[in-house]
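This chain uses plain numbering: 1 for the first residue, then up along the sequence. The analysis underlying the following values was restricted to heavy atoms, covering all of them including side chains, and did not include hydrogens, waters or symmetry mates.
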Amino acid sequence: MTIESLLREMSDRDAVARFPEVDFRLKQASSYNRASKTPDDPKGWFNNIDRNTSDKHHNFVRIEQNDGRKEWVVMEDKGPGAITRFWVPWRNQLQPGTNITIRFYFDGSSQPAIEGNMFDLFQGKGLIPFPLAHESLRSAVSFFPIPYAKGCKVTMSDHPFFFQFTYRKYAEGTKVKTFTMQDFQAADPLIDQTCKSLLNPDAETQDKASKSDGKDSLSKSAELRSGEEVALPLPQGVAAIRNLMVKLADYSDPEVTRTVVLKITADGKDTVWCPIGDFFGSGIGLNPFQGWYRTVTADGGMTSRWVMPYRENATVSIINLGDSPVDVDLSVAVDDWQWDDRSLYFHAGWRGQYPVPTRPYSDWNYITAKGRGVYVGDTLTIMNPVERWWGEGDEKIFVDGEAFPSIFGTGTEDYYAYSWGGRSTDFYEHPFHAQTFSHKYNKLNRKPKIDEKNTLGFSTETRTRALDTMPFAESLKLDMEVWSWTDCEMGYAVGCYWYGDADTTSNLTADPEGARRVPPLPDAMKNAGPDSR
């Protein structure tokens with residue numbers, strides 16, 4: 001494992017459709033509150049002080065003295081691994097920047113291999129170029145792979161505010177070449193190529209298609225009355241869906257993206273059942289954005305580039321659960337696939353609930369899967385009936401039956417790579433995450449430069465994974481805390497994406513009644529006029 005091998009893997013969509021050739025488990029070092037030890041103690045489990053702003057807080061590893069200076073250790077790992085994601089927020093929600101120096105020490109060295117201002121290095125304007133690193137909404141986020149052979153220690157020069165370091169934990173004996181600045185500089189051409197690929201996802205798909213013996217491109221158009229379904233059978237034999245596009249003629253009713261459902265069967269098994277808004281990342285209504293795996297355009301085209309292998313047969317269907325007819329165009333590009341013992345089926349499932357009480361605090365389950373697989377992303381759409389912020393809840397992800405989660409986060413907005421969510425209601429997009437709609441803003445209706453804190457109404461957050469996929473051999477459980485500043489009743493819905501063997505199962509099943517039960521908007525939003533959506 002090297003910088004270059006990991007960069008090549010990052011832009012290889014085929015790679016996520018197979019169980020990793022070099023197995024690993026994803027871990028995370030974060031500033032979650034150390035009082036959170038067990039759900040049997042709700043006061044500690046839902047403690048929301050996930051930061052370090054004074055000597056009273058100890059949500060980090062330890063404090064050291066190095067070369068006469070004080071350093072806060074925020075991550076420490078022994079053995080081979082690779083950091084695949086780093087997130088840190090603005091310390092002041094109104095003022096960008098920091099004076100904190102971050103240092104990365106590898107393989108027991110007393111000298112840092114990477115050292116500099118935390119934001120200057122990781123906002124896409126310094127050491128790591130955009131989009132491998134970028135300035136999200138009031139945050140700095142990096143997806144640049146940082147491998148190490150024997151261990152890694154990361155420190156900060158002052159109280160570490162909120163932080164997340166997500167990393168691959170490889171088995172002992174895995175061959176990893178430790179990051180050096182010399183290797184980083186030598187990888188510059190590949191870094192540039194990777195950035196261009198991530199920002200031009202369709203070009204990458206077309207380039208692969210031109211180099212293959214492609215099977216077929218199929219399409220079907222239909223008017224679907226209430227309760228009707230249109231099916232598109234795919235070519236027989238071993239193959240893979242490479243591109244899937246759905247387009248409706250009319251999105252004037254925003255709920256149509258919840259009541260029109262994508263269904264896929266592969267080799268006799270239902271592998272996808274998900275409303276199109278939750279599958280493509282649009283949420284409720286047409287909310288355009290561009291990502292590495294999915295794109296939604298302003299003219300209504302919704303495209304998926306997830307690779308979906310099958311061995312014998314597959315069918316893609318569209319179902320209209322709404323009360324009114326819909327005109328739909330469906331197209332699917334199918335190409336060859338080499339099936340092996342690491343090949344996995346693509347899955348997407350959906351869960352929705354309304355109402356969801358915010359008191360007492362609770363964990364809301366996204367998905368519980370059993371068997372072998374790889375978790376690759378999700379889209380959360382919530383309905384908030386009040387202006388105050390709703391997203392303080394931490395993700396808690398349990399892999400292979402562990403008693404304490406491998407991933408314990410610091411806030412729902414942090415999981416989706418932004419911060420200070422009460423103010424951060426503007427649209428943003430990135431190859432691996434986006435806020436496609438919030439309050440009343442999307443790509444077509446940007447938030448003006450006003451100091452507004454209002455998260456009333458719908459919000460849609462989406463995250464997909466490349467180097468930070470989550471392999472599991474036996475099971476995966478992903479919970480998200482419901483943690484609002486207000487005692488109220490919210491609506492929650494999530495579309496989840498994962499790969500699994502033929503016998504891998506989950507608790508997400510077809511739920512037509514749930515999809516039709518769209519949480520009602522508060523009266524304040526209904527009376528806001530046509531610009532409220």
Side-chain angles (χ1 to χ4, degrees), residues 11-19 201-222 229-247 260-276 278-282 291-297 301-319 328-340 342-350 373-377 379 464-466 469 495-502 504 510:
S11 59
D12 183 358
R13 295 193 189 95
D14 286 13
V16 297
R18 303 181 194 271
F19 199 81
D202 286 322
E204 183 75 10
T205 301
Q206 293 162 4
D207 180 62
K208 282 202 169 186
S210 68
K211 295 176 182 177
S212 72
D213 295 328
K215 282 183 176 290
D216 280 294
S217 180
L218 305 95
S219 61
K220 183 169 283 192
S221 299
E229 175 179 342
V230 61
L232 181 61
L234 303 184
Q236 299 279 325
V238 179
I241 298 171
R242 298 276 181 182
N243 190 284
L244 187 156
M245 195 274 284
V246 174
K247 185 176 182 180
V260 172
V261 172
L262 174 69
K263 173 185 171 184
I264 301 177
T265 60
D267 297 337
K269 178 183 178 182
D270 292 338
T271 53
V272 172
W273 194 98
C274 191
I276 60 172
D278 306 89
F279 181 83
F280 291 100
S282 182
W292 175 239
Y293 295 103
R294 298 153 307 152
T295 295
V296 176
T297 56
M302 298 184 171
T303 299
S304 161
R305 291 174 289 271
W306 293 112
V307 177
M308 307 181 193
Y310 59 92
R311 302 187 75 165
E312 297 177 4
N313 55 72
T315 301
V316 179
S317 303
I318 301 294
I319 308 168
V328 58
D329 293 327
L330 170 65
S331 63
V332 181
V334 180
D335 204 351
D336 294 327
W337 178 262
Q338 297 297 317
W339 196 279
D340 58 26
R342 295 192 295 113
S343 294
L344 302 171
Y345 292 94
F346 177 83
H347 296 73
W350 181 85
V374 180
Y375 190 76
V376 295
T379 295
T464 57
R465 298 166 178 262
T469 58
C496 295
Y497 328 120
W498 72 102
Y499 286 88
D501 288 322
T504 298

Inset, instruction - Check the pair L232 / V332 against side chain to side chain contact (heavy atoms under 4.5 Å, CB included), numbers first and verdict last. - result: CA-CA 9 Å; L232 181 61; V332 181; 3.9 Å; yes
Inset, instruction - For the residue pair W350 and W273, categorise the inter-ring angle as parallel (less than 30°), tilted (30 to 60°) or perpendicular (more than 60°). - result: tilted
Inset, instruction - Would you kindly say whether Y345 and R311 are connected by a side-chain donor-acceptor distance under 3.5 Å? - result: no
Inset, instruction - Side-chain contact test, heavy atoms from C-beta onward, threshold under 4.5 Å: evaluate it for V246 versus D329 and give yes or no. - result: no
Inset, instruction - Could you please spell out the steps behind the side chain to side chain contact (heavy atoms under 4.5 Å, CB included) verdict for L262 and I318? - result: CA-CA 5 Å; L262 174 69; I318 301 294; 3.8 Å; yes
Inset, instruction - Over 60° means perpendicular and under 30° means parallel, so classify the ring planes of F279 and Y497, tilted if in between. - result: perpendicular
Inset, instruction - In sequence, state the C-alpha distance, the side-chain angles, and the governing distance for V316 and L234, and then conclude on side chain to side chain contact (heavy atoms under 4.5 Å, CB included). - result: CA-CA 8 Å; V316 179; L234 303 184; 4.0 Å; yes
Legend entry - Straight-line distance of R342 CZ to F19 CZ, nearest 0.5 Å: 10.0 Å
Legend entry - Pair D270-T265, side-chain donor/acceptor within less than 3.5 Å: no
Legend entry - Distance-only donor-acceptor check, side chains T295 and R305, under 3.5 Å: yes
Legend entry - Criterion side chain to side chain contact (heavy atoms under 4.5 Å, CB included) against T271, the qualifying member of K263, M308, H347: H347
Legend entry - Within-4.5 Å side-chain heavy-atom neighbours: S317 and K220: no
Legend entry - Between Y499 and S343: side-chain donor-acceptor atoms closer than 3.5 Å: no
Legend entry - D14 and R242 ion-paired at < 4.0 Å: yes
